[in-house]
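In what follows, a structure is listed as structure tokens, so that the remarks can point back to it.
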Amino acid sequence: ADRDWVTFVQRDWKPIVIDDLILRFPWHSATDIDAHLIAQGFTEPPRYQLELEGGMAFGTGEHATTRLCCRWLRRKLAQGSL
């Protein structure tokens, strides 16, 4: 049988914490995120949450440019610039 390889691979992507922002994907439930944060030793959820539609163009969120953009976005949110 044909397999949807993109969906198959994406389901293993975990939320990513970048400072006080969590980068999550549409298929992550609140329970998934809470479990991940607890497993990583977080006692409180990050202040900001960004949902990313990962795929071939933007990928997993692990690339340095993604982290840089998330840090910029977080600063702008904190400043009330957005």
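Partners of Thr43 by side-chain contact (heavy atoms from CB on, under 4.5 Å), not counting sequence neighbours: none found.
Summarising the local packing, CD of Gln79 is surrounded by more than 12 heavy atoms from other residues, nucleotides or ligands at distances under 6.0 Å.
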From CA spacing to verdict: side chain to side chain contact (heavy atoms under 4.5 Å, CB included), Ile18, Ile16: CA-CA 6 Å; Ile18 303 168; Ile16 301 166; 3.9 Å; yes
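Among pairs with a residue in residues 20-37, those fulfilling salt bridge (Lys or Arg N to Asp or Glu O under 4.0 Å) read Asp20-Arg74, Arg24-Glu51, at least two apart in sequence or across chains.
Looking at Cys70 and Leu50, their side chains come closer than 4.5 Å, going by heavy atoms from C-beta outward.
Distance OG1/Thr66 to CG/Leu73: 12.0 Å, rounded to 0.5 Å. Of the inter-residue distances, the one linking Arg67 atom CZ with Leu23 atom CG reads 8.5 Å to the nearest 0.5 angstrom.
In this structure, Phe8 and Trp5 have perpendicular ring planes: the angle between them is above 60°, well past the 30° mark.
Between the side chain of His28 and the backbone N or O of Trp13, at least one donor-acceptor pair lies under 3.5 Å.
For the pair Pro15 and His36, the tightest heavy-atom approach, listed with the atom from each and the gap, is O-NE2, 2.9 Å.
Applying the 4.5 Å side-chain rule to ILVMFWY residues, one finds Val17, Ile22, Ile33, Leu37 in the same cluster as Phe42.
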